[in-house]
There are 2 protein chains.
Amino acid sequence: MIRRKVTLKDIARELDVSISTVSKALKNSNEIGRDTRNRIQAFARSHNYRPNNIAVSLKNKKTRNIGVIIPDIVHHFFTTVFRGIEKHANSLGYNVIVCVSDESFDKEVINTELLANGSIDGFIIGLSAETQEKRDYSHLKEVTDQGIPVVLFDRVTDEFPCDKVIIDDEVAARQAVEYLISKGKKRIALFTTAHDLGVTKNRSLGYKKALENHRIPFDKNLVLQLPFQFEEEELSRSFFKEQTFDAVLSVNEIFAVRGMRLAGEFGYRIPEDVSFIGFTDGILSKYAVPSLTSIAQHGEQMGETAARMLIDKIENEYDETDASNYRTEIIEASLIKREST
Amino acid sequence: MIRRKVTLKDIARELDVSISTVSKALKNSNEIGRDTRNRIQAFARSHNYRPNNIAVSLKNKKTRNIGVIIPDIVHHFFTTVFRGIEKHANSLGYNVIVCVSDESFDKEVINTELLANGSIDGFIIGLSAETQEKRDYSHLKEVTDQGIPVVLFDRVTDEFPCDKVIIDDEVAARQAVEYLISKGKKRIALFTTAHDLGVTKNRSLGYKKALENHRIPFDKNLVLQLPFQFEEEELSRSFFKEQTFDAVLSVNEIFAVRGMRLAGEFGYRIPEDVSFIGFTDGILSKYAVPSLTSIAQHGEQMGETAARMLIDKIENEYDETDASNYRTEIIEASLIKREST
DNA sequence: TAAAAGTACGAAAACGGTTTCGCGGCAAAA
DNA sequence: TTTTGCCGCGAAACCGTTTTCGTACTTTTA
């Protein structure tokens, strides 16, 4: 038997008062007399009254929902960020609606438009790869033009003004490479992705910067660009055959772990012959054998920061055309040292 | 400059027709004359009109949102399931609101109550560990009593009637162990969690069943119960010292990978001296060295199935008191054979 | 030519709340 | 006794839709 939810109207009818009286009584407004208030509250409690979120949202023009759009959900770093967002948002009474762009520009646009039509009070977005390639941010502009605040995280762009939270990938990469140099490594390879944009690009820059700082010539033969779903590893294998190197910086965990495996096959000892450092301190880094020294991006902190910035914008007036209202927060990365160095 | 969203009322005012006319015209109702319809549609298009989701939800008493509650988001299997849910739901025009219970009963209750008040049309839930321990499902009962359908996945219970989708952990474990036996293994250890309930329990049962089927006596010394955040690994180390075994079934990836590491330290060759099989075919299994034979739970398929079952219930009438309306779908697990066996 | 039918649109209620404002009654102040 | 003020409550507008029903006008039919 379906027991419909009890509404203000129901309570009003039962208790023979007006709807407004019920509403005020439940908000403990002292406009309503003590005993009426008590009667109403008691009734509401016993009948398990809960206000209808949708109605409240419509009236208040506030949903207390925040929309999160990420490129991928089966992804350690993004879920870590998400956890940070979720925790902080929840603690402030917000819920989170997630959409996944699947690295597709079109999906990102569809999702933002969908959510922007009243479902959410603000967005936290990590841009899709396609969006970063196209450099088309008109969908974001549309959203902010409507007064909906946007916070970008990790996958950001300089071409769109809004709050952002990032780690300084360039500095993190530089420091990692400098750490390798300090350990006496001279020929340091870079494992990176085929398309070199956004965060990956900055990591490469940091790599070069470190070499430069230490007067080590940049050798483009030491850069291995790997396609993402490349399973056969022919490319990496020939890289191991043809190049000599004593350390590797990898822009992600997977390339690093695959690299360590190959290093083993080629008879190199880790870290004596070759050291490895990977970006993203995920589960692989921790449990690999040998465990992988890695650059922790502190995703949870990043998510929390993003949520904090967003909710601040949601709850406080600001002039969205004034660029000085926008901040970019930088989360310090840190190097987690393990067996691979 | 904030450009407020244009509403039906705005269009009606501008075009000097009534709100109802606009609404109907935009729905292409032939109740409205050809040219008025065209005028209105053209105006709406040029002003980028989009109906307000919240208002539509309130009116229609349908949100086209589904609520997902999972114990943890930084978790490969759950995110895989989530991806399946999200894809299928999106393709049918639904959005997904996620809440994380953090394995806590209270959070699970709070989240269900919050979302049940109008925010969603149905739930997909993986029960928290605490809920499974307490065996208190009154919050779910409340929800279904209101006519909101619930689908449970993976972390399910027999004590609450609703649609469910699971893998048969017992059978999967049994088959894994039988595979080990077929490879000539005789002393097969089980690595499991300290609290042995829900899926873990079924996996242990399958383990025993396999031994029984092959007349191998169950030796409780070969069962290693590991607390989850046990870092020092003293327990596992002493297990390796005291016991002899030639294979391991682990209820998750992490225990298996840690086990392989220790096996290496103790000088065992994998798989010749000790074979390993782990539950959950995640990223660790794939990239571990040696790569881990594992039981794939096909989370994406599970998520898709859950979404399909839920949306079916949402969109079609059914009698929620009639248990025969509820089905439990079983997703076939499969053994992904890799180097560890 | 009068009645019936059809066309094109608008008024209004409804979804479930919040909030402003007004008003009657009663007590305190003048 | 009249005025003022306060208390306690209700009417009604409003948020942005959807949908039913009514109606004025035109066209067809008998």
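Please read these numbers as outputs of a predicted model, since none were measured by experiment. We name chains A, B, ... by the order of the sequence lines, and we start the count at 1 in each one.
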* Tell me, please, which residues at least two apart from A/Lys9 pass side-chain contact (heavy atoms from CB on, under 4.5 Å). => A/Thr7, A/Ile19
* Sort and list the pairs that fulfil salt bridge (Lys or Arg N to Asp or Glu O under 4.0 Å) and have at least one residue in residues 30-42 of chain A, not counting sequence neighbours. => A/Lys24-A/Glu31
* Asked: Is it true that the side chains of B/Lys5 and A/Asn117 contain a donor and an acceptor less than 3.5 Å apart?
  -> yes
* With sequence neighbours excluded, give me every salt bridge (Lys or Arg N to Asp or Glu O under 4.0 Å) pair touching residues 89-115 of chain B. => A/Arg50-B/Glu113, B/Asp102-B/Lys107, B/Glu103-B/Arg155
* Asked: So, B/Ser104 versus B/Ser101: side-chain donor-acceptor pair below 3.5 Å or not?
  -> no
* Could you state the atom-to-atom distance from CG of A/Leu8 to C1' of D/dC15 in whole Å? => 15 Å
* **ring pair (Phe, Tyr, Trp, His ring centres under 6.0 Å) partners of residues 128-155 of chain A, not counting sequence neighbours, each pair once** => A/Phe105-A/His139
* Asked: By side-chain hydrogen bond (donor to acceptor under 3.5 Å, both in side chains), which residues pair with B/Glu317, not counting sequence neighbours?
  -> none
* May I have the distance from A/Asn52 (atom CG) to D/dC15 (atom P), rounded to whole angstrom? => 18 Å
* First-last contacting nucleotides on DNA chain C - partner chain A, under 4.0 angstrom, heavy atom -> C/dC15 to C/dC21
* To do: Could you tell me which residues satisfy salt bridge (Lys or Arg N to Asp or Glu O under 4.0 Å) with A/Lys87, sequence neighbours excluded, listed by chain and number?
  => A/Glu300
* Structure fact -> Quick note, ring pair (Phe, Tyr, Trp, His ring centres under 6.0 Å) partners involving residues 21-47 of chain A, not counting sequence neighbours, are A/Phe43-A/His47
* Asked: Nearest-Å distance, CZ (B/Arg64) to C1' (D/dT18)?
  -> 16 Å
* Structure fact -> In whole angstroms, the gap separating C1' of D/dT18 from CD1 of A/Ile54 amounts to 15 Å
* Base-contact (B) and sugar-phosphate-only (S) positions in nucleotides 7-14 of chain D, heavy-atom cut-off under 4.0 Å, - elsewhere -> -BBBBB-B
* **Residue pairs involving residues 109-135 of chain A (criterion ring pair (Phe, Tyr, Trp, His ring centres under 6.0 Å); sequence neighbours excluded)** => none
* Take atom CG of B/Leu58 and atom C1' of D/dC15, then tell me their distance rounded to the nearest Å. => 9 Å
* Structure fact -> Computed from five pairs at either end and rounded to 10 degrees, the angle between the axes of the helix from C/dT1-D/dA30 to C/dA30-D/dT1 is 70°
* Quick one: list whatever passes salt bridge (Lys or Arg N to Asp or Glu O under 4.0 Å) with B/Asp121, sequence neighbours left out. => none
